[in-house]
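It should be emphasised that the depicted structure is a prediction, and the values quoted were computed from it without experimental measurement.
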Amino acid sequence: MIKRILFLGVLLISTMSYAQFEISASTGYAIGSAGMKLGEEINSTKTSNTYGSYGEGINVQLRGTYFFNDTFGADLSLGYLHGSDQTVSNVDLDSQQVDAIARARAFGAAASLVYKFTNNVYGRFGALIKLGGKTEAVVNSQTVFSDAEATALGLPSGTYSDTDYVEDFHGVFPLGFVAAIGYKYDLNEKFSLFVEAEYYGISLKRKDSELQSFNTNIVLPDGTVAVEGYYTLDNLPDGYVIKTTYEDDIEHTNTDTSKELAVKVPYSSFGLNFGVTYKFKGKGISKAE
């Protein structure tokens with residue numbers, strides 16, 4: 001027992017004598033990987049699927065890394081994703097025009113193990129979780145009234161409704177996978193620059209969504225607004241609700257239009273990051289380059 005305690009003590013002292021802590025800041029751009037169907041594009045001749053991932057976009061990260069020895073370390077990072085616009089619906093018909101996009105605004109964290117292949121090349125892999133944020137849908141829809149509808153409202157033929165709304169979607173906390181390989185260039189003993197290729201493997205199950213704004217104007221054929229605010233958040237048209245919840249099971253007898261079946265949406269991506277690292281302390285035998 002005494003020998004074991006002495007061995008653990010020596011191991012702890014040797015680890016602490018090497019212990020190196022560093023912080024990094026980076027930014028980069030990621031493209032979607034394993035893209036899934038997000039929506040459709042419809043015109044007078046065909047209907048096409050649109051594919052993508054809400055993980056596409058610009059990201060920034062702050063990372064703290066603790067090295068136990070010259071080879072292995074542990075990494076904790078916090079990040080923000082400013083997602084690119086993804087097409088959810090694009091309709092181009094004589095009687096209807098729809099332009100609907102959605103984009104991620106998300107905060108996440110990752111815990112990883114780090115391995116130094118050489119003084120300059122490293123790899124890391126670990127677990128990824130989404131801490132907060134939203135997927136924001138921004139929609140514009142224009143629908144031409146039929147002649148009967150226009151006549152009933154006392155409006156000329158060609159009058160249309162112009163609807164704009166924003167809806168925020170939230171999901172349950174997911175667990176994903178992160179892996180990266182990078183190259184580091186030392187500027188001096190304290191500062192270094194790095195570039196890395198990073199992969200995120202994660203999807204998000206929707207929990208609820210809520211309308212943030214809603215407005216419908218009635219517009220004459222010449223573009224003049226005949227009625228402003230015909231529909232608003234306080235007076236929604238049929239088929240719209242303020243808040244929607246997403247569930248795994250819905251009874252056939254359900255009449256609550258605020259409930260829909262849950263779906264998973266993709267956040268997986270492959271990106272390239274650039275950053276700077278500051279080392280607080282460290283000593284030990286370096287690995288060969």
Side-chain angles (χ1 to χ4, degrees), residues 32 34-42 47-57 80-91 93 95-108 128-143 160-176 202-218 228-269:
M36 297 172 61
K37 178 184 176 180
L38 299 180
E40 295 179 345
E41 293 182 337
I42 302 173
T47 298
S48 304
N49 290 332
T50 63
Y51 297 90
S53 170
Y54 293 115
E56 179 178 346
Y80 172 74
L81 170 65
H82 190 83
S84 300
D85 292 353
Q86 304 293 320
T87 299
V88 176
S89 178
N90 186 279
V91 179
L93 299 172
S95 61
Q96 187 180 39
Q97 298 284 320
V98 177
D99 181 14
I101 59 94
R103 57 211 178 189
R105 302 289 187 264
F107 295 90
L128 170 69
I129 189 170
K130 181 174 177 286
L131 296 177
K134 61 187 179 182
T135 302
E136 179 186 60
V138 181
V139 182
N140 173 260
S141 175
Q142 298 178 356
T143 303
Y160 60 93
S161 64
D162 186 3
T163 299
D164 290 287
Y165 68 87
V166 175
E167 186 172 11
D168 289 349
F169 294 81
H170 307 99
V172 298
F173 290 110
L175 183 65
I202 190 170
S203 59
L204 182 65
K205 182 181 178 181
R206 281 184 176 158
K207 179 179 67 174
D208 59 59
S209 63
E210 186 171 358
L211 288 173
Q212 301 300 305
S213 62
F214 193 100
N215 184 77
T216 297
N217 295 332
I218 295 179
E228 187 172 351
Y230 186 74
Y231 291 119
T232 66
L233 281 176
D234 298 322
N235 175 36
L236 291 173
D238 292 340
Y240 292 90
V241 294
I242 294 289
K243 187 170 183 177
T244 303
T245 57
Y246 298 91
E247 303 180 1
D248 290 328
D249 301 287
I250 297 180
E251 299 293 335
H252 291 168
T253 56
N254 175 68
T255 58
D256 186 353
T257 57
S258 69
K259 293 182 179 180
E260 294 185 14
L261 286 174
V263 296
K264 279 191 173 183
V265 294
Y267 269 77
S268 297
S269 65

Nearest 0.5 Å, please: how far is [atom2] in [Y] from [atom1] in [X]?
| X | Y | atom1 | atom2 | result |
| --- | --- | --- | --- | --- |
| F107 | K134 | CZ | NZ | 10.0 Å |
| T216 | I218 | OG1 | CD1 | 8.5 Å |
| D164 | Q142 | CG | CD | 8.5 Å |
| E260 | D208 | CD | CG | 12.0 Å |
| R206 | L261 | CZ | CG | 13.0 Å |
| T232 | F214 | OG1 | CZ | 9.0 Å |

Please give me the minimum heavy-atom distance between [X] and [Y], naming the atom from each residue.
| X | Y | value |
| --- | --- | --- |
| P266 | S53 | O-OG, 3.4 Å |
| L81 | Y54 | CD2-O, 3.5 Å |
| V241 | S258 | CG2-CA, 4.1 Å |
| F173 | K130 | CD2-O, 2.8 Å |
| V139 | A100 | CG2-CB, 3.8 Å |
| R105 | G83 | NH1-O, 3.0 Å |

Among I242, T245, D168, which one satisfies side chain to side chain contact (heavy atoms under 4.5 Å, CB included) with E210?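 Testing E210 for a side chain to side chain contact (heavy atoms under 4.5 Å, CB included) against I242, T245, D168 leaves exactly one candidate, I242.
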Should we say atom [atom1] of [X] is surrounded by more than 12 heavy atoms from elsewhere, each under 6.0 Å from it?
| X | atom1 | answer |
| --- | --- | --- |
| Y230 | OH | no |
| Q96 | CD | yes |
| N254 | CG | yes |

How about Y240 and Y231: are their ring centroids closer than 6.0 Å?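 Not close enough - the centres of the two rings lie 6.0 Å or further apart.
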Indicate whether the side chain of D162 and that of N140 have a donor and an acceptor atom separated by less than 3.5 Å. yes
Would you please say whether a donor-acceptor pair under 3.5 Å links the side chains of T47 and E40? no
Quick one: does any side-chain atom of [X] pair with a main-chain N or O of [Y] as donor and acceptor, under 3.5 Å?
| X | Y | answer |
| --- | --- | --- |
| S203 | K264 | no |
| S268 | I202 | yes |
| N90 | D99 | no |

For the residue pair F169 and Y246, categorise the inter-ring angle as parallel (less than 30°), tilted (30 to 60°) or perpendicular (more than 60°). tilted
Which of H82, E136, Q86 passes side chain to side chain donor-acceptor pair (under 3.5 Å) with R103? It is E136
